[in-house]
Amino acid sequence: MNHQELHTTNFPILEFQQNLLTWYKENHRKLPWRESRDPYRIWVSEIMLQQTRVDTVIPYYNNFIEKFPELKDLAEAEPEQVMKAWEGLGYYSRVMNLQTAVKEVRERFDGIVPRTPEGISSLKGVGPYTAGAVLSIAYGVPEPAVDGNVMRVLSRILLIDEDIAKPKTRKTFEKAVRELISHEDPSSFNQALMELGAIICTPRSPACLVCPVQNECRAFAEGRQQELPVKTKKTKVKTVNMSAVIAYDEAGRLIIHKRPETGLLATLWEFPNVEANAVSDTARSNEAQAYIYEQSGAEISIKGKIGYIEHVFSHLKWKIDVWEAEIKKLPDELPEDWRLLSVEDTEKLAFPVSHQKMIKLVKEAILL
DNA sequence: TAACCGTGGGA
DNA sequence: TTCCCAAGGTT
């Protein structure tokens, strides 16, 4: 690459580093994962923070570390207990990958989280951002940790107008960070970029007037901070109509189903549900009844509709009619991924939020 | 590359 | 209500 094309050409790097780091030392938030340099704990926090707000993560992080204080505790835990600790956080493959990865650390790296880019990047669920974050924060390695904050902040400071929605754009910012990063304190430098993005250089109406690096910001100099970063929009989500069934026996036990190992809401428990293709309510309840019999062998009798739930995911939307049913006859043995469960015991298994809403319906509509 | 993979908060 | 978003990774 031609040296003249570098986004950091003629940029006051030392001044920028000093202003950013001084600001960070005096203004950073006290967060639970900042009280430790244990690479395992840093790692857990970074996985939880993926696409998730700090305020949401804090209670999950504290509970997770209480349950699994050290890497070996997570490695040896029952997957269902691990998933229960993640219930409600979303993107559930994150935690299954994390447990897979900590087991790998014990088997391949003698229980020590690897301190090289190649080593840590080979772990399940550790991409370029998380690799750089753990290496820099836990080990002080001067690697870039480019997340959405860093792309927003640097797009403004360096006036970079590449579309940050495009995957290859991240490399542009990694290159810039390699030029800018403090080799004396890579941990604080990377965290400071993200902290600045979270507190000052926010997506809308950035607080430029109190920004510690206002002097070094090319976008502010040109009054263009509102135009950056450039980010193309996503397409609208698809809508799927569903029927879910709350079926119970004389003892009040409910039929539940464990979702497949891969895909949406993998391995979480749910009330049996199918896509609703038929037009009429009667035909839809028949579809649901047939599905449950085919999959589990249970014969049920649907009594009526007890609720309607809408649930929006990142890429689709469920519209769910919830039906109440009595179990008329059970097979000699239910399949492995089907179970009968008392209402109280729903607290022991992990359900997606959409189905937690149904549990609430059960408690309000059926138990009363 | 673009689609898939959750959830809750704020404008 | 609707939209965008929040410390991404995998396929």
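Heavy atoms only: backbone and side chains are in, while hydrogens, waters and symmetry mates are out. Order of the sequence lines sets the chain letters (A, B, ...), proteins ahead of strands, with each chain counted from 1.
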Contact class for [X] (heavy atom, under 4.0 Å): base, sugar-phosphate, or nothing?
{"X": "A/Ile47", "value": "nothing"}
{"X": "A/Val54", "value": "base"}
{"X": "A/Arg29", "value": "base"}
{"X": "A/Arg170", "value": "nothing"}
{"X": "A/Thr52", "value": "base"}
{"X": "A/Gly197", "value": "nothing"}
{"X": "A/Lys231", "value": "sugar-phosphate"}
{"X": "A/Trp33", "value": "base"}

So which of residues 114-146 of chain A are in contact with DNA chain C, with a heavy-atom cut-off of under 4.0 Å?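 Correct list: A/Lys124, A/Gly125, A/Val126, A/Gly127, A/Pro128, A/Tyr129, A/Thr130.
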Whether [Y] and [X] form a salt bridge (side-chain N of Lys/Arg under 4.0 Å from carboxylate O of Asp/Glu) is what I want to check.
{"X": "A/Glu107", "Y": "A/Lys103", "answer": "no"}
{"X": "A/Arg178", "Y": "A/Glu143", "answer": "yes"}
{"X": "A/Arg284", "Y": "A/Glu287", "answer": "no"}
{"X": "A/Arg259", "Y": "A/Glu270", "answer": "yes"}
{"X": "A/Glu162", "Y": "A/Lys171", "answer": "no"}

Could you tell me the separation between the [atom1] atom of [X] and the [atom2] atom of [N], rounded to a whole number of Å?
{"X": "A/Ile164", "N": "C/dG8", "atom1": "CD1", "atom2": "P", "value": "11 Å"}
{"X": "A/Met151", "N": "C/dA6", "atom1": "CE", "atom2": "C1'", "value": "12 Å"}
{"X": "A/Gln191", "N": "C/dA6", "atom1": "CD", "atom2": "C1'", "value": "17 Å"}
{"X": "A/Asn97", "N": "C/dT11", "atom1": "CG", "atom2": "P", "value": "8 Å"}
{"X": "A/Tyr91", "N": "C/dG9", "atom1": "OH", "atom2": "C1'", "value": "10 Å"}
{"X": "A/Arg152", "N": "C/dC4", "atom1": "CZ", "atom2": "C1'", "value": "12 Å"}
{"X": "A/Glu174", "N": "C/dG8", "atom1": "CD", "atom2": "P", "value": "13 Å"}
{"X": "A/Leu89", "N": "C/dG9", "atom1": "CG", "atom2": "C1'", "value": "16 Å"}

Using a cut-off of strictly less than 4.0 Å, decide whether A/Arg204 has a side-chain nitrogen or oxygen near OP1 or OP2 of C/dC5. no
Any donor-acceptor N or O pair under 3.5 Å, side chains A/Glu70, A/Tyr40: no
Cut-off 3.5 Å, side chains only: do A/Asn19 and A/Glu216 have a donor facing an acceptor? yes
How do A/Tyr92 and A/Lys166 order along DNA chain B: which one's closest nucleotide is nearer the 5' end?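 The 5'-side residue here is A/Lys166.
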A/Asp321 vs A/Ser243, side-chain hydrogen bond (donor to acceptor under 3.5 Å, both in side chains): CA-CA, chis, key distance, verdict: CA-CA 5 Å; A/Asp321 282 325; A/Ser243 303; 5.5 Å; no
Using the heavy-atom set of chain A and a strict 4.0 Å cut-off, write down the first and last nucleotide of DNA chain B that makes it in, 5' to 3'.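 Range of nucleotides within reach of chain A: B/dT1 to B/dA11.
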Would you please indicate if the ring centroids of A/Tyr60 and A/Trp86 are separated by under 6.0 Å? no
Report yes if the distance between the aromatic ring centroids of A/Trp338 and A/His257 is under 6.0 Å, otherwise no.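 Close enough - the centres of the two rings lie under 6.0 Å apart.
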Between C/dG9 and B/dG8 - P atom distance, rounded Å: 22 Å
